[in-house]
Amino acid sequence: MIRIAALICLMLLGPSVRANAAAVVGKAAPSFELLDANGEKTQLASFKGKFVVLEWVNFQCPFVGKHYGSRNMQGLQAKYTEKGVVWLSICSSAEGKQGHVSGAEAKALLEEKGAKPTRFLLDPKGIVGKAYGAKTTPHMFVIDPKGVVVYAGGIDDRPSTKLSDVDGAKNYVTAALESAMSGKKVEIAATQPYGCSVKY
Amino acid sequence: MSRLFLSVGLAVACALLAFPRACAAVTTGGSKNVDVALVAEGTSIRPGERFRVGLRMKMKKGWHTYWKQPGDAGLPLRVEWTLPPGFTAGPIEWPTPERIPTGNLMSYGYERDVLLAVKMTPPANLDPGPVVIAGQFDWLECRDVCLAGSARLELTLQVRPEHPRPGPAARLFSDARARSPRLPEGWSLASVAGPRAIELSFRPPPGVSPRGGYFFVDRPLVAEHAAPQGFERVSGSYRLTIVPAENAPAPPRRLTGVLVLEGIPRSKGNAVQVSVNATPGDPAPAPAQARHTLPAIPLYAILMVLVSLAFAILARRRAKHP
C-alpha cells in the first residue's frame, strides 16, 4: 500500500519538472492563434506553404529603436513580403508593461514608422512568446513552408543600440531566408538573440 | 549635484595640494540612472610598468548593468579607448556577477556599485609629464525598462620615475579584486557535456564544503540561463549540472565561466574562474536546486503528497486493526 502511495506521489511529481518551452531549430514551429492589430484571428497554420518570419517587438526598447530608426526592419519587411514571405511582428509586452500596445496604437505606430509586416499580432498574455522561448526584442524566427523552424536568434551579429552598427552587420535573418528560399541549408541556424528582455 | 561637488572638490584639491606636481584627475559623467567615473589605482605611472584604470559605475536603486555574458537579455558594456602612442589596454576584469531574474528570464549583471578595471601597459620609453587616457563607454541600463547609456571620459595621469602610491580610488580596485573570481588553484575540475545536461564535477580545496552552487556560463548558446541548475555531493566531490541551450548547435567542447559556491565566504574563495574541456557524454541532471524563492512545485503536487501520505497511514492502521 505504501509503495503504491509512493508511486502515485512520484507519478504526480514527475510532470512538474517542466521542460523549457521553445521553438527549436529543425522541429515544428509551435502552432498559435492570436488577434492582429485589426482584431482579426491569425493562425500560424494558415500560412503553411509559405516562409514565415516572426519578429518580437517592443517599440520602446532601444534595440528595436535601432532597427526601426535605421529603417533596417522596415526594409527587410518590404523586401521579403514582396517575395511572398509572411512577416508577423508580435508584441508580448503585458498590459501595463513597457511596449504594450492596443490594436489601434499598434496601427498608429506602424503607420508612423512606415513598417510593413504582413500582420502585427497582439500577445499581451505572453502565451506565444513563452511557447517560442522569445527572450528579447528583437528576437527573430524563420519558419519554412513545411512549418519547420529554420532560424532562431538575433537579427544580426552586432549586439548594440547604435544605429550606425546596422551598416556592415551580418544579418542572420537575411542569410537564413536567402539560403532557405533557394533550397540550401541555413548555415547559421541559431544565435544568441540580443536586446531588451521581453516584458512579460 | 553630488557629481558636480565631486568634480569641483577634486579640482580644488588638485590645485591646492598637488599642483604643480599635478594629480590624477577624475572625470565623471553618465546617465540619469548610472553615475560613472574613470579612476586610476595609483597616483602616477612609470614607463613600461603596467597599471590599472577602471570605470566606477554607481547604479540608482533598482537599476542594473550587465556582465560580459548578459544571460537571456541585455548587453555588456563596451569601451573604445583613445590612448597615447605606445599604450595598450587589456580586457575588462569583470567582477563576479549577480543573478537578476525577471519573470521567466535570467540576466547576469550588477545591481550594486561596480568597478570594471582594465590593465594598461605604457611604453618603456616615456617622458615624465602628463598623459591622457580617454575612453568612449557605451552600456545598457535596465530596471523594468532598458535605456542606452554612454559617456566619454578622460583621465590625466602623471608619468614619474618613482614607484606609484595608492591613489584615492585604490580601495575600489582592491574591493573589485575581492569581488572577482579567483583562479582555481588547488581545485580539480572536469566537465562532460551531453544532450540532457552539461556537467561540471569539482573538488574544491580541503575545508571548502559548499551547500550549493551556480555556474555563470560566459559563452552564447550553451545554457538555458533561467533553468535551475542541479547540484549534488558525490563522495567528497561535487556535481553541478546545467540545462543545455534549446538551440545549441552541439554540446560545447569547452565549458567556461564562473563557478560561485553557496555557503562559502568570499574570503575563502567562493568564486573561481573555470575553463575546462568538456568531453562528450550523456550525464544525468543532478537534483535541481531551489531558486532564491520557494521551489516551483505546483500546489496540486504538494496536496497529492499529503493525500497519499494520509492514505498510506490509514492503510497501515487497517492492516494493524483488521
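We name chains A, B, ... by the order of the sequence lines, and we start the count at 1 in each one.
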*asked:* Less than 4.5 Å to any heavy atom of chain A: does that hold for the side chain of Asp72(B), its backbone, both, or neither?
replied: both
*Leu140(B) versus chain A, heavy atoms under 4.5 Å apart: side chain, backbone, both or neither?*
side chain
_Tell me whether Lys58(B) is salt-bridged to Asp35(B), with the criterion being a basic N under 4.0 Å from an acidic carboxylate O._
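Looking at Lys58(B) and Asp35(B), the cut-off is not met.
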*Charged N to carboxylate O under 4.0 angstrom, Glu141(B) versus Lys60(B)?*
no
*For Tyr66(B) and Leu75(B), which heavy atoms make the closest approach, and how far apart are they?*
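Result for this residue pair: CB-O, 3.3 Å.
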Counting only heavy atoms closer than 4.5 Å, note whether [X] contacts chain B via side chain, backbone, both or neither.
| X | result |
| --- | --- |
| Lys162(A) | side chain |
| Ala23(A) | backbone |
| Cys61(A) | neither |

*Proximity of Trp87(A) and Phe120(A) rings by center, below 6.0 Å*: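 No.
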*Just by modelled atom types, is the Tyr238(B) backbone N or O under 3.5 Å from a matching donor or acceptor in the Ser201(B) side chain?*
no
*Under the side chain to side chain contact (heavy atoms under 4.5 Å, CB included) criterion, do Glu224(B) and Glu246(B) qualify, and how do the steps go?*
CA-CA 7 Å; Glu224(B) 281 300 318; Glu246(B) 286 287 356; 3.4 Å; yes
*Residue, of Gln192(A), Lys199(A), Gln98(A), that accumulates the most heavy atom pairs under 4.5 Å with chain B*: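 Among the listed options, the one with the most contacts to chain B is Gln192(A).
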*Heavy-atom pairs under 4.5 Å with chain B, option from Val149(A), Thr191(A), Asn58(A) with the top count*: Thr191(A)
